[in-house]
Enquirer: 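What follows is a structure written as structure tokens; I'll ask about it next.
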Amino acid sequence: MDKESTPQERRFKLRTKELSFWHENGYLVRLGVFTPEENDALRQVAEDIVDGKRPFPSAHIDQNALVRDGKIEEQGIYAMHKIHHPSCYVPEFLARVRDPRLTDPLVDMMGPDILGINNLFIWKAPKIGLGFPWHQDMFYFRNRFNTETTIGTWTAIDPADRENGCLYVIPGSHKNDIHEHDDLEGSQQREFKLAREARDEDGVAVEVPPGAVVWFHSHLLHKSTDNHSLRFRRSYVSHYLSAQAEWAKGDGTYKGQPVMWVRGETFTDKVHEVERDVLPVPKDE
């Protein structure tokens with residue numbers, strides 16, 4: 001694996017006002033980070049995976065919960081919810097995870113030594129794409145890592161607005177402790193619990209055009225809503241961790257949950273890259 005040091009000069013580092021906004025609000029939005037051509041290329045790779053044109057483990061391909069549970073009938077990308085850990089198997093996604101337009105700002109937020117801990121390409125299909133309740137990512141990641149924060153990046157592949165299920169955030173909520181999260185009923189809700197005391201009236205809609213990126217702190221309360229439109233709301237999400245973090249327990253070898261080098265240094269006594277599943281090389285036809 002190529003682990004060449006990232007140049008010291010960071011073209012995409014945070015400006016002073018951006019860093020102040022980040023510290024005050026726990027999230028940051030930049031427009032026009034990726035071009036339409038770059039987004040379309042990534043979308044096409046994801047759709048090739050769904051169509052079986054690119055090798056990918058079926059265990060990391062998830063259908064929309066309503067389709068999966070037999071409540072509606074859809075096929076192809078209209079039946080999709082997400083593909084999980086694509087950077088482990090597809091070079092185009094690995095390149096995106098390590099892209100300095102995403103990671104240069106992370107250096108200002110968490111330091112120069114960075115690992116990737118989770119990434120997913122999401123389809124929020126027209127009319128049936130489901131949202132997720134108010135939650136904090138650290139509620140889940142704290143079971144794996146001892147760290148002040150992880151940071152998520154959310155890239156809009158399509159326009160994201162209130163009608164098709166954009167993100168909502170509660171600015172400044174990253175300054176609070178982790179809330180208790182309660183179980184919910186419903187097909188897709190098995191993936192997330194609802195953060196207690198989170199109020200819809202405190203939420204701010206993050207409506208963004210394609211190519212925009214949202215960085216968000218792992219304590220930040222955020223949610224998304226159902227897609228009520230006739231349009232997709234696709235996005236690519238990647239989560240990052242400082243290589244100065246420590247394992248919460250064990251040696252970190254969670255099956256199916258990889259940790260990968262992104263930039264900077266790693267440390268044998270801290271969280272470090274762990275082996276992940278490798279796809280078999282396809283035979284010539």
Side-chain angles (χ1 to χ4, degrees), residues 1-7 10 12-14 27-28 30 33-34 38-39 42 45-46 49 56-57 59-62 82-122 137-138 140-157 213-220 235-248 250-268 270-279:
M1 179 175 293
D2 180 13
K3 292 189 178 181
E4 291 184 6
S5 298
T6 302
R10 291 181 293 118
F12 308 104
K13 62 185 178 182
L14 295 185
Y27 75 102
L28 178 71
R30 276 183 171 178
V33 177
F34 295 101
E38 288 173 314
N39 267 354
L42 203 67
V45 172
I49 290 171
F56 200 83
H60 296 325
I61 300 177
D62 295 336
K82 72 175 186 295
I83 52 174
H84 211 174
H85 307 307
S87 65
C88 293
Y89 311 101
V90 183
E92 291 92 337
F93 280 102
L94 179 59
R96 179 63 70 96
V97 166
R98 291 175 173 165
D99 193 296
R101 287 170 287 182
L102 291 182
T103 66
D104 273 1
L106 292 174
V107 173
D108 297 308
M109 297 170 176
M110 63 165 51
D113 306 315
I114 300 171
L115 302 168
I117 55 174
N118 187 43
N119 67 105
L120 50 153
F121 188 95
I122 299 173
D137 291 339
M138 187 56 79
Y140 304 94
F141 286 135
R142 65 181 179 177
N143 295 324
R144 296 183 66 196
F145 311 112
N146 289 327
T147 183
E148 180 179 343
T149 186
T150 64
I151 294 175
T153 64
W154 189 96
T155 301
I157 305 298
V213 174
V214 184
W215 287 261
F216 52 97
H217 192 286
S218 62
H219 285 59
L220 182 77
S235 60
Y236 182 54
V237 181
S238 186
H239 292 271
Y240 299 89
L241 174 75
S242 169
Q244 299 289 343
E246 297 180 345
W247 299 113
D251 60 0
T253 54
Y254 288 72
K255 183 173 177 58
Q257 297 185 15
V259 173
M260 65 171 55
W261 176 85
V262 170
R263 64 187 287 168
E265 298 184 38
T266 58
F267 310 91
T268 56
K270 305 287 186 179
V271 175
H272 54 270
E273 187 170 85
V274 296
E275 291 185 8
R276 56 189 186 272
D277 298 336
V278 178
L279 289 178

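What you see is a predicted model, and the numbers here were worked out from it, not measured in a lab.
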Enquirer: Listed by chain and number, what are the side chain to side chain donor-acceptor pair (under 3.5 Å) partners of Ser218, not counting sequence neighbours?
Expert: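 Expected list: Thr149.
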
Enquirer: Does a side-chain heavy-atom distance below 4.5 Å link Val214 with Thr153?
Expert: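 Answer no - side chains too far apart.
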
Enquirer: Quick one: list whatever passes salt bridge (charged side-chain N to carboxylate O under 4.0 Å, His left out) with Asp113, sequence neighbours left out.
Expert: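 Checked Asp113 against salt bridge (charged side-chain N to carboxylate O under 4.0 Å, His left out); zero matches.
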
Enquirer: Taking side chain as C-beta onward, heavy atoms only, is Trp215 less than 4.5 Å from Leu106?
Expert: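 Yes - at least one pair of side-chain heavy atoms lies under 4.5 Å apart.
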
Enquirer: Please enumerate all residues that pass side chain to side chain donor-acceptor pair (under 3.5 Å) together with Tyr27, with sequence neighbours excluded.
Expert: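 With neighbours one apart ignored, the set is empty.
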
Enquirer: Identify the heavy atoms of Ser87 and Val97 that sit nearest to each other, and give their distance.
Expert: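 It is CB-CG2, 3.7 Å.
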
Enquirer: Give the minimum heavy-atom separation between Leu14 and Arg30, together with the two atoms involved.
Expert: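 Smallest interatomic distance, heavy atoms only, reads CA-NH2, 3.6 Å.
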
Enquirer: Quick one: are Asp108 and Arg10 in side-chain contact, heavy atoms under 4.5 Å?
Expert: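 The answer is yes; the side chains approach within 4.5 Å.
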
Enquirer: How close do Phe56 and Pro86 get, counting heavy atoms only, and between which atoms?
Expert: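 Shortest heavy-atom contact: CE1-CA, 3.6 Å.
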
Enquirer: Residues two or more places apart in sequence or in another chain: which of them pass ring-ring contact (aromatic ring centres under 6.0 Å, His included) with Tyr240?
Expert: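 Testing Tyr240 for ring-ring contact (aromatic ring centres under 6.0 Å, His included), a comparison that skips the adjacent residues, returns none.
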
Enquirer: Please tell me whether Phe141 and His239 form a close aromatic pair, meaning their ring centres lie under 6.0 Å apart.
Expert: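 Ring-ring flag for Phe141/His239: true, centres closer than 6.0 Å.
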
Enquirer: To the nearest 0.5 Å, what is the distance between CG on Leu94 and NE2 on His85?
Expert: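 Separation between the atoms: 14.0 Å.
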
Enquirer: Test of understanding: with side chain to side chain donor-acceptor pair (under 3.5 Å), list the residues that count as partners of Asn39, not counting sequence neighbours.
Expert: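 Applying side chain to side chain donor-acceptor pair (under 3.5 Å) to Asn39 gives none.
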
Enquirer: Give the intermediate values and the outcome of side chain to side chain contact (heavy atoms under 4.5 Å, CB included) for residues Ile83 and Asp62.
Expert: CA-CA 6 Å; Ile83 52 174; Asp62 295 336; over 6 Å; no

Enquirer: If you compare all heavy atoms of Val237 against all heavy atoms of Trp154, which two are closest, and at what distance to 0.1 Å?
Expert: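 What the structure gives for the nearest pair is CG2-CD1, 3.4 Å.
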
Enquirer: With side chains defined as the heavy atoms from C-beta onward, is the minimum distance between Val271 and Asn146 less than 4.5 Å?
Expert: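 They are not in side-chain contact.
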
Enquirer: With sequence neighbours left out, write down each residue that passes side chain to side chain donor-acceptor pair (under 3.5 Å) with Glu92, or none if nothing qualifies.
Expert: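 Testing Glu92 for side chain to side chain donor-acceptor pair (under 3.5 Å), a comparison that skips the adjacent residues, returns Arg54.
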
Enquirer: What distance do Thr150 atom OG1 and Ile114 atom CD1 have between them, rounded to the nearest 0.5 Å?
Expert: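 So the OG1 of Thr150 and the CD1 of Ile114 are separated by 12.5 Å.
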
Enquirer: I would like to know whether His272 and Val259 meet side chain to side chain contact (heavy atoms under 4.5 Å, CB included); could you show each step before the answer?
Expert: CA-CA 7 Å; His272 54 270; Val259 173; over 6 Å; no

Enquirer: To the closest 0.5 Å, what do you measure between CG (Asn143) and CZ (Phe145)?
Expert: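 CZ of Phe145 is found 10.5 Å from CG of Asn143.
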
Enquirer: Are Lys82 and Ile61 close enough, and set up right, to give a side chain to side chain contact (heavy atoms under 4.5 Å, CB included), and what steps lead you there?
Expert: CA-CA 6 Å; Lys82 72 175 186 295; Ile61 300 177; over 6 Å; no

Enquirer: Roughly how far, to the nearest 0.5 Å, is CD1 of Ile122 from OG of Ser235?
Expert: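 One finds 4.0 Å between OG of Ser235 and CD1 of Ile122.
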
Enquirer: Shortest non-hydrogen contact from Met260 to Cys88?
Expert: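 The pair with the smallest heavy-atom distance is CE-SG, 3.7 Å.
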
Enquirer: Could you give me the CA-CA distance, side-chain angles and deciding distance for Glu38 and Leu42, then say whether side chain to side chain contact (heavy atoms under 4.5 Å, CB included) is met?
Expert: CA-CA 6 Å; Glu38 288 173 314; Leu42 203 67; over 6 Å; no

Enquirer: Could you grab the distance from atom CD of Glu148 to atom CG of Leu241, nearest 0.5 Å is fine?
Expert: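 Rounded to the nearest 0.5 Å, the CD-CG separation comes to 11.5 Å.
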
Enquirer: Could you pull out all residues at least two apart from His219 that satisfy ring-ring contact (aromatic ring centres under 6.0 Å, His included)?
Expert: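 If we apply the ring-ring contact (aromatic ring centres under 6.0 Å, His included) test to His219, skipping adjacent residues, the hits are His217.
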
Enquirer: Please list, chain by chain and in numerical order, all residues satisfying side chain to side chain contact (heavy atoms under 4.5 Å, CB included) with Arg142, sequence neighbours excluded.
Expert: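 Counting only residues at least two positions away or on another chain, Arg142 forms a side chain to side chain contact (heavy atoms under 4.5 Å, CB included) with Met138, Phe139, Ile178.
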
Enquirer: After noting the C-alpha distance and the side-chain angles of Asp104 and Lys13, does the key distance pass the salt bridge (Lys or Arg N to Asp or Glu O under 4.0 Å) rule?
Expert: CA-CA 5 Å; Asp104 273 1; Lys13 62 185 178 182; over 6 Å; no

Enquirer: So which atom in Pro100 and which in Pro105 form the shortest heavy-atom distance, rounded to 0.1 Å?
Expert: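 For Pro100 versus Pro105, the nearest heavy atoms are O-CD, 3.8 Å.
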
Enquirer: Is a salt bridge present between Asp99 and Arg263, judged by a nitrogen-to-oxygen distance below 4.0 Å?
Expert: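 Judged by the 4.0 Å cut-off on N to carboxylate O distance, Asp99 and Arg263 do not form a salt bridge.
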
Enquirer: Among all residues two or more places apart in sequence or in another chain, which pass the salt bridge (charged side-chain N to carboxylate O under 4.0 Å, His left out) test with Glu246?
Expert: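 By the salt bridge (charged side-chain N to carboxylate O under 4.0 Å, His left out) rule, Glu246 matches Lys270.
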
Enquirer: For Asp137, which residues count as a salt bridge (charged side-chain N to carboxylate O under 4.0 Å, His left out) partner, sequence neighbours excluded?
Expert: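 So Asp137 forms no salt bridge (charged side-chain N to carboxylate O under 4.0 Å, His left out) with any residue.
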
Enquirer: My understanding is that only residues two or more places apart in sequence, or in another chain, count here; which of them pass ring-ring contact (aromatic ring centres under 6.0 Å, His included) with Phe34?
Expert: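 ring-ring contact (aromatic ring centres under 6.0 Å, His included) list for Phe34, sorted by chain: empty.
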
Enquirer: In terms of the angle between their ring planes, are His60 and His84 parallel, tilted or perpendicular, with boundaries placed at 30° and 60°?
Expert: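 Ring orientation of His60 relative to His84: perpendicular.
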
Enquirer: Just verifying a value: how many Å separate Arg96 CZ and Tyr236 OH, rounded to the nearest 0.5 Å?
Expert: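 Between atom CZ of Arg96 and atom OH of Tyr236 there are 8.0 Å.
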
